[in-house]
Every structure is written in structure tokens, then in C-alpha cells.
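So you know, we letter chains A, B, ... as the sequences are listed, proteins then strands, and number each from 1. Source: prediction; values computed, not measured.
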2 protein chains.
Amino acid sequence: MSLEVPAHNNHAEKPASRIRQKNEQAIIQAAEDQFARHGYKGTSMNTIATSAGLPKANLHYYFTNKLGLYVAVLSNILELWDSAFNTLTADDDPAEALTRYIRAKMEFSRRQPQASRIFAMEIISGGECLTEYFSQDYRAWFSGRAAVFQAWIDAGKMDPIDPVHLIFLLWGSTQHYADFATQICRVTGRTKLTKNDMEDAGTNLIHIILKGCGIKPPF
Amino acid sequence: MSLEVPAHNNHAEKPASRIRQKNEQAIIQAAEDQFARHGYKGTSMNTIATSAGLPKANLHYYFTNKLGLYVAVLSNILELWDSAFNTLTADDDPAEALTRYIRAKMEFSRRQPQASRIFAMEIISGGECLTEYFSQDYRAWFSGRAAVFQAWIDAGKMDPIDPVHLIFLLWGSTQHYADFATQICRVTGRTKLTKNDMEDAGTNLIHIILKGCGIKPPF
DNA sequence: GTCTATACACAGATAGAC
DNA sequence: GTCTATCTGTGTATAGAC
């Protein structure tokens with residue numbers, strides 16, 4: 001479920017020096033920023049280097065090449081994503097669990113919008129860098145997640161919604177607030193989405209989706 | 001509400017020759033394909049030219065530069081988008097009108113996924129090419145659309161959902177099936193989304209959103 | 001480990017023959 | 001209107017001094 005990060009200079013004995021760790025992190029952070037703003041092709045190694053406060057050649061020292069750096073960034077992102085979804089179980093109360101999940105996803109959209117955007121652009125343009133991520137393992141994991149909703153349905157706790165489409169609705173509606181923030185701001189006359197805006201959005205989603213699935217809120 | 005298309009060789013008297021019209025269309029079509037697959041920066045004029053069956057220099061004859069061509073493509077796309085949303089009115093029956101709208105958006109996601117993807121990538125990367133599109137006019141238009149939902153709420157036809165967030169839910173959930181088709185296919189083991197898949201998805205969305213908004217379906 | 005200098009490929013754009 | 005040849009900038013990547 002995680003991608004290979006080709007850090008070609010990892011001499012097996014040493015556990016990565018402090019200076020290496022610090023630089024790698026700075027580079028990845030800068031790269032995340034730039035990739036999110038300009039896409040893979042639109043970002044130059046030079047820009048990343050400047051933004052990280054390092055000379056360009058150093059990037060090539062830490063990461064074999066541009067693609068390697070990009071994959072490292074993606075990998076860093078994906079670790080964050082899966083965790084939230086894994087907390088749902090068949091034994092949970094649907095209202096409580098879904099509310100918690102939607103809140104978590106909205107919080108993620110608020111705090112890590114760049115991560116969401118890089119992932120979105122990668123998928124939109126074919127997602128070839130994620131081929132190994134969408135492996136057999138991932139399909140199995142996804143089925144397992146869908147099974148939780150099916151269990152709720154079988155237990156009569158919610159309407160017989162196709163779990164797969166419900167997942168896409170959850171993903172699409174929450175990520176929209178990260179990926180399309182620019183449009184949302186322009187259209188509503190805001191300059192940025194505040195914490196309050198995001199909470200309101202979350203509350204709305206929770207209302208519509210829970211009620212739409214025939215789940216009675218506990219409050 | 002529409003963008004300027006800088007076709008610098010439009011001598012005011014002539015209404016664009018047949019050959020010009022044909023070539024421009026071929027170029028725009030090829031450009032749409034390439035921009036959707038590789039983004040703005042990732043697409044080269046050369047690739048577009050080859051894909052359109054013309055020498056590279058011809059593109060520069062018809063469109064001042066790469067950005068001009070890109071804006072022409074975007075403009076072409078946006079004309080399609082607004083029309084569907086304009087059909088909703090305060091007098092409509094919410095169930096019928098929303099059902100029709102969701103079906104229309106899903107049909108658009110199915111038939112013009114590239115258009116949706118270009119728009120998405122443009123927005124994600126800041127949407128600077130759409131600055132004039134998101135003008136005062138557009139904000140007014142958007143408010144007008146939101147007012148339709150508010151009218152339904154005031155008439156007691158649906159729950160007091162924030163109309164603005166409802167619109168984002170409608171946009172996000174339907175466009176997700178165009179923009180993230182790659183992920184959906186990989187995760188569900190499909191090679192492409194069929195007409196049936198898209199209809200199922202639409203049916204699900206209609207169920208959840210209508211019920212979630214407290215709208216009684218007429219069927 | 002770090003960074004300057006540079007090789008090499010390809011991009012966008014244009015000049016000018018046809 | 002069309003297309004070949006070419007200019008110029010920028011990008012990735014690396015060689016090699018420190």
C-alpha cells in the first residue's frame with residue numbers, strides 16, 4: 001500500500017544522518033508546494049531548489065531524478081490519506097462513524113489542501129505514477145471498506161445505497177473543498193476558506209449525506 | 001460570461017473562411033485532448049500539431065501563442081457548462097428539476113470528460129486564466145442560481161440547506177466521475193466507465209441528495 | 001557532502017521561401 | 001495560406017572542483 005521511495009544513496013548500514021534527514025524533508029516540503037501549484041511538468045527542479053534554499057544539484061544528490069522526487073512526495077501524501085478511512089468498522093454506529101469521517105476528511109482538506117491537489121492532478125492526468133499503489137492489495141482494502149457499509153445496510157441501519165458509490169460521494173464532496181478552493185473563493189467573494197467556512201461545509205455534508213442514506217442522527 | 005478568443009488574424013470584413021474554420025476546429029479538438037491528458041505545461045505545441053495533422057507553425061498562424069490556444073479551448077468548454085444550470089427556476093418542482101440537473105451533469109461527465117478535466121486542472125493550479133471568467137457577472141449569476149434553491153426552501157419544498165454548499169455538492173459529486181475516472185476504474189477493476197455505470201452513479205446521487213435535502217421524489 | 005559550470009535536449013516562437 | 005529552417009530560452013542532469 002505504500003510506494004517505493006528511491007533514495008539512491010542509502011548505504012544500508014547508516015540510518016540516514018541528521019543533515020540528510022533535514023535536507024530531504026525540506027526538499028519534499030518545497031516540492032509539495034510547487035507541484036501543487038504548477039503540476040509535475042510545470043515545476044522545475046530549479047524552482048524547488050530555490051524554494052528549499054539549496055542549490056539545484058543537491059536535489060539530484062538526494063533524489064535520483066525529478067520523477068523520484070515526485071514519487072517521494074506522493075508517497076508522503078498517501079500515508080496520510082488511508083489512516084482516516086481505516087477507523088470505520090461494521091460495529092460502529094453509522095451516524096457517529098460517518099460524522100467523524102466527514103469531519104476528518106474536511107479537516108484534511110483544510111490543513112493539507114496541497115496534498116489533495118497533487119493527488120487530484122496526478123489522477124486526472126492518468127495516474128501512471130500510482131500504478132503500483134492501486135495494486136491488488138489496494139483493491140482488497142477498498143472492498144473491505146465497502147463491506148463496512150454493506151454490513152450497516154444488512155443490519156438495517158441505512159438505506160440500500162451502493163457502498164462503492166457512497167464512498168465516491170464522500171471522497172468527491174470533501175476533496176472538492178481542497179481541490180476547487182479557488183473557484184469556491186472567487187464565486188463566493190472570499191479570499192480564503194476559513195476554519196468556520198469548512199466547518200459549515202462539513203455540517204451541511206453531514207446533514208445531507210446521513211439523511212440521504214436514511215441514517216438517523218443521534219442528536 | 002465568456003472569454004475573449006484572440007484569433008489575431010480575423011480581418012474584420014471576412015467571416016472566417018471555410019478552411020480556417022475547419023483547421024481551427026481540428027486544432028482546438030487536438031489541443032483539448034492533449035491538455036486534458038498532460039496539462040498545460042505538459043503539452044507541447046508540437047504534439048498538438050502532430051495530433052491535428054498540421055505542421056507546428058500553423059498553430060501559431062491561427063492562434064497567437066500557446067496561451068491563446070489554451071484560452072480558446074477553455075472558452076469552448078465553458079459555454080457548455082453554464083447552459084445546463086440555467087434551466088433551473090424557482091417555479092420548478094425541486095424533485096424533477098434536481099433529478100434532471102444531476103442527470104445532465106452526469107451525462108456531461110460521461111461524454112466530455114476531457115473538458116471537465118481541463119477545467120479541474122486549471123482551477124487546481126490557481127485558475128489564473130479564468131480570472132476574467134469569474135467576474136462580477138459570474139458572481140451575480142451564481143447568486144441567482146443559489147436564489148432558486150433559497151426560494152424552494154422558503155416555499156417549504158426542501159430542508160434549509162445552505163444553497164451555496166448544495167451547489168458545490170452537486171458540482172463536486174458529478175464532476176468526480178469525470179475527473180477521477182482513472183481512480184474509480186482502478187479501484188473497482190473496470191477498464192472504463194460504461195453508460196450503465198454512469199446511470200447507476202446518477203441514480204445513487206439522486207437518491208441521496210434529494211432525500212438528504214428533504215425533497216420527496218414524485219415517483 | 002556541497003556547489004559551480006556545463007552538456008544536451010527540447011520547448012515556444014518567428015523569418016522567410018513557396 | 002502553408003511549411004521548412006532556425007533563433008533563443010529553459011529544462012534536466014551530470015562532471016568535477018572544493
Side-chain angles (χ1 to χ4, degrees), chain A residues 6-28 30-31 33-35 37-74 121 125 128-129, chain B residues 6-28 30-35 37-74 125 128-129:
Chain A
H8 63 311
N9 281 6
N10 267 335
H11 306 283
E13 317 92 55
K14 300 200 182 175
S17 72
R18 290 234 328 282
I19 186 159
R20 164 178 287 276
Q21 206 164 4
K22 182 170 144 267
N23 280 348
E24 276 181 357
Q25 202 49 46
I27 293 169
I28 287 194
D33 251 50
Q34 297 301 319
F35 283 138
R37 251 200 282 281
H38 308 113
Y40 177 72
K41 284 273 194 170
T43 301
S44 79
M45 295 295 267
N46 211 340
T47 314
I48 298 174
T50 307
S51 163
L54 289 170
K56 183 172 60 157
N58 276 32
L59 307 207
H60 285 99
Y61 175 70
Y62 287 112
F63 301 89
T64 42
N65 52 27
K66 190 182 178 183
L67 189 61
L69 175 53
Y70 180 65
V71 171
V73 170
L74 268 181
M121 288 205 281
S125 41
E128 294 188 16
C129 292
Chain B
H8 63 311
N9 281 5
N10 266 334
H11 305 284
E13 318 92 54
K14 301 202 182 173
S17 71
R18 290 230 333 279
I19 187 161
R20 166 178 285 277
Q21 208 165 2
K22 181 170 145 269
N23 279 348
E24 276 181 356
Q25 203 48 46
I27 293 169
I28 288 193
E32 190 178 308
D33 252 49
Q34 296 301 319
F35 283 137
R37 253 199 282 281
H38 308 111
Y40 177 71
K41 284 272 195 174
T43 301
S44 80
M45 294 295 267
N46 212 340
T47 314
I48 299 174
T50 307
S51 163
L54 288 169
K56 182 173 60 157
N58 276 32
L59 306 207
H60 285 98
Y61 176 71
Y62 287 112
F63 302 88
T64 41
N65 52 29
K66 189 184 179 182
L67 189 62
L69 174 54
Y70 180 65
V71 172
V73 169
L74 268 181
S125 42
E128 293 187 18
C129 291

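Considering CG of Leu54(A) and CG of Asn23(A), their distance stands at 5.0 Å, rounded to 0.5 Å.
Spacing between atom CG of Leu59(B) and atom P of dA11(C) amounts to 13 Å, rounded to whole angstrom units. Atoms CZ (Phe63(B)) and C1' (dA13(C)) sit 16 Å apart, rounded to a whole Å. As a whole-Å value, the separation of Asn58(B) CG from dC3(D) P is 5 Å.
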Does the side chain to side chain contact (heavy atoms under 4.5 Å, CB included) test come out yes or no for Phe63(A) and Val71(A), once each step is laid out?
CA-CA 10 Å; Phe63(A) 301 89; Val71(A) 171; over 6 Å; no

Residue pair Phe35(A), Leu74(A): steps toward the side chain to side chain contact (heavy atoms under 4.5 Å, CB included) verdict:
CA-CA 10 Å; Phe35(A) 283 138; Leu74(A) 268 181; over 6 Å; no

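Side-chain nitrogen and oxygen atoms of Tyr62(B) include at least one within less than 4.0 Å of the OP1 or OP2 phosphate oxygen of dT2(D). Residue Asn23(A) places none of its side-chain N or O atoms closer than 4.0 Å to OP1 or OP2 of dG1(C).
A cation-pi contact links Lys66(A) to Tyr40(A), judged by a cut-off of 6.0 Å to the six-membered ring centre and 45° from its axis.
Shortest non-hydrogen contact noted between Ile48(A) and Ile27(A) is CG2-O, 4.1 Å. For His60(A) against Asn65(A), the heavy-atom pair with the smallest separation is CD2-CA, 4.2 Å.
For Tyr61(B), whose side chain is taken as the heavy atoms from C-beta onward, the closest listed nucleotide among dT2(D), dT2(C), dG1(C) is dT2(D).
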Reading nucleotides 4-18 of chain D 5' to 3', which nucleotides get B (base under 4.0 Å from a protein heavy atom), which S (sugar-phosphate only), which -?
B------SBBB----

